[in-house]
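Side-chain atoms are counted along with the backbone in the values below, which use heavy atoms only and exclude waters and symmetry mates. So that the names make sense, note that chain A is the first sequence line, chain B the second, and so on, each numbered from 1.
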Number of protein chains: 2
Amino acid sequence: MNKEVNFKTYTISELAKAFDVTPRALRLYEESGILGPKREGNRRIYFERDRVRLRLLLRGKRLGYSLAEIKELFDVYDSNSGEEGQLRLLLENMEDKKKKLEIQKVDVEAALQEIERITKKARKALREIAAAKK
Amino acid sequence: MNKEVNFKTYTISELAKAFDVTPRALRLYEESGILGPKREGNRRIYFERDRVRLRLLLRGKRLGYSLAEIKELFDVYDSNSGEEGQLRLLLENMEDKKKKLEIQKVDVEAALQEIERITKKARKALREIAAAKK
DNA sequence: TTATTGATTGACGTTTACGTAAACGTAATA
DNA sequence: TATTACGTTTACGTAAACGTCAATCAATAA
């Protein structure tokens, strides 16, 4: 019921600061076809939609996806016509991503366990040093 | 009890094939100070130790670490003198890595859930198409 | 003995994801 | 009105992680 709430906008540097990236990066993401801010004259003006996409983009990056892969994902999702072929394509795509993510999950788990192992060993060694000191 | 079992060796291309990387990559990992194969004359000769390190290296890569970060991890671990300062440093380092991994875990979980959501939606749409076809 | 096979060391090329600087426009502020 | 702050495009630079030759050597198979 309130335009100022529903249509909050951001300048490039505001959005950059909010997500701890540089304006340069945001321009690059736009050039890569992932973000598409409106213009107010010359200036870029970002809406909530851009925030959402940026958040997903950054998560994708943390997961190790390239900008090209991320764009592809958005494209597949955006361009979904609801037509059968498209839907099957999307499902196939999702299946692929899922497999990769399951592998990642295992990798993360394994790394955490290894850290746990090393940490315990180190703590034990420290306790022994402390005991010897006395 | 058997030398041939305990000291199985690999040529560069054997190891490369086994891990689905190129020889070029293995040479790079060596240049980066992560692998350190022995030499037999001129030829590189890889032992089990290298296999282990390579496996960890590749997992690190899948998790998004750079070669420099991976080398650093190995260094911290290898060079552990058991001296108190070193141990504390190692623990601190492990704590950092752990935090990052926990974030990754959340990211992976979130991505998987999103995939689940999209997949369900797509399947539903497909069912509706199938129903309408009849 | 002569190919062939596999390895070696350069060294230059390539892609990705930005950083950085130049040259300029615009709007508010002193 | 001059300065400051923030934005724009254009373009060159850069670090990482290899790919891709080229030239060379060594052992082995034919």
Side-chain angles (χ1 to χ4, degrees), chain A residues 8-47 50-51 53-75 97 100 103-104 107, chain B residues 8-47 50-51 53-75 97 100 103-104 107:
Chain A
K8 177 151 179 40
T9 67
Y10 308 83
T11 72
I12 193 166
S13 51
E14 282 169 355
L15 194 62
K17 186 168 286 184
F19 283 88
D20 196 31
V21 297
T22 64
R24 175 71 179 94
L26 294 182
R27 295 195 189 98
L28 177 68
Y29 299 157
E30 180 177 349
E31 204 182 338
S32 305
I34 302 176
L35 297 183
K38 294 282 179 305
R39 296 296 178 115
E40 194 173 78
N42 207 8
R43 268 79 188 290
R44 289 171 177 79
I45 168 172
Y46 296 89
F47 287 82
D50 301 297
R51 271 187 67 110
R53 290 177 78 102
L54 181 53
R55 192 168 45 238
L56 289 174
L57 188 164
L58 293 177
R59 191 172 74 198
K61 290 207 64 185
R62 288 196 302 274
L63 290 174
Y65 291 97
S66 72
L67 291 183
E69 289 171 308
I70 293 170
K71 176 188 161 43
E72 206 195 310
L73 268 168
F74 277 120
D75 282 356
K97 306 294 171 194
K100 281 193 184 173
I103 291 173
Q104 283 225 27
D107 283 336
Chain B
K8 176 150 180 42
T9 66
Y10 307 83
T11 73
I12 193 167
S13 52
E14 281 168 357
L15 194 62
K17 186 168 288 186
F19 283 88
D20 196 29
V21 298
T22 63
R24 176 71 179 94
L26 293 183
R27 295 196 189 98
L28 176 68
Y29 299 157
E30 180 176 350
E31 204 181 338
S32 305
I34 302 176
L35 297 183
K38 294 280 178 307
R39 296 297 177 114
E40 194 174 78
N42 206 9
R43 268 80 189 290
R44 290 168 176 81
I45 167 171
Y46 297 88
F47 287 83
D50 302 298
R51 270 187 69 108
R53 290 178 80 101
L54 181 54
R55 192 169 43 236
L56 289 174
L57 188 165
L58 293 177
R59 191 173 74 198
K61 291 209 63 187
R62 288 196 302 272
L63 290 174
Y65 291 96
S66 71
L67 290 182
E69 289 171 307
I70 293 169
K71 174 186 162 46
E72 207 196 311
L73 268 168
F74 277 121
D75 284 355
K97 304 296 171 194
K100 279 195 185 174
I103 291 173
Q104 281 226 30
D107 283 336

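Across all strands shown, B/Arg44 has heavy atoms under 4.0 Å from sugar-phosphate atoms exclusively, and none from any base. Within 4.0 Å of B/Tyr65, counting heavy atoms only, lies no atom of the nucleic acid at all.
Taking atom CD of A/Glu31 as the reference point, atom C1' of D/dA11 lies 11 Å away to the nearest angstrom. A straight line from CZ of A/Arg27 to C1' of C/dT20 spans 12 Å, rounded to a whole angstrom. At whole-Å resolution of the value, CG in B/Leu28 and P in C/dC12 are 17 Å apart.
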Please tabulate, one pair per line, each protein N/O and nucleotide N/O from nucleotides 19-22 of chain D that are separated by under 3.5 Å, including the distance.
{"from": "D/dG19", "atom 1": "OP2", "to": "B/Thr22", "atom 2": "OG1", "distance (Å)": "2.6"}
{"from": "D/dG19", "atom 1": "N7", "to": "B/Arg24", "atom 2": "NE", "distance (Å)": "3.3"}
{"from": "D/dG19", "atom 1": "O6", "to": "B/Arg24", "atom 2": "NH2", "distance (Å)": "3.2"}
{"from": "D/dT20", "atom 1": "O4", "to": "B/Arg24", "atom 2": "NE", "distance (Å)": "3.2"}

Polar atoms only, N or O, under 3.5 Å: list the protein pairs with nucleotides 4-6 of chain C and their distances.
{"from": "C/dG6", "atom 1": "N2", "to": "B/Arg43", "atom 2": "NH2", "distance (Å)": "3.1"}
{"from": "C/dG6", "atom 1": "N3", "to": "B/Arg43", "atom 2": "NH2", "distance (Å)": "3.4"}

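Of all heavy-atom pairs between A/Leu54 and A/Leu35, the closest is N-CD2, 4.0 Å. Residues B/Gly33 and B/Lys71 come closest through the heavy atom pair O-NZ, 4.0 Å.
Put simply, A/Lys61 has a side-chain N or O that comes within less than 4.0 Å of OP1 or OP2 on C/dC18.
Because its NZ or CZ atom is not both nearer than 6.0 Å to the ring centre of B/Tyr46 and within 45° of the ring axis, B/Arg51 does not count as a cation-pi partner of that residue. Both cation-pi conditions hold for A/Lys8 and A/Tyr10: the charged atom is under 6.0 angstrom from the six-membered ring centre and inside a 45 degree cone around its axis.
In this structure, the separation between CZ on A/Arg43 and OG1 on A/Thr11 is 9.0 Å, given to the nearest 0.5 Å.
Residues meeting the side chain to side chain contact (heavy atoms under 4.5 Å, CB included) test with B/Lys17, sequence neighbours left out: none.
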For the pair B/Ile12 and B/Ile45, evaluate side-chain contact (heavy atoms from CB on, under 4.5 Å) and give the outcome as yes or no after the intermediate values. CA-CA 7 Å; B/Ile12 193 167; B/Ile45 167 171; over 6 Å; no
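B/Lys61 places a side-chain heavy atom less than 4.5 Å from the side chain of B/Tyr29.
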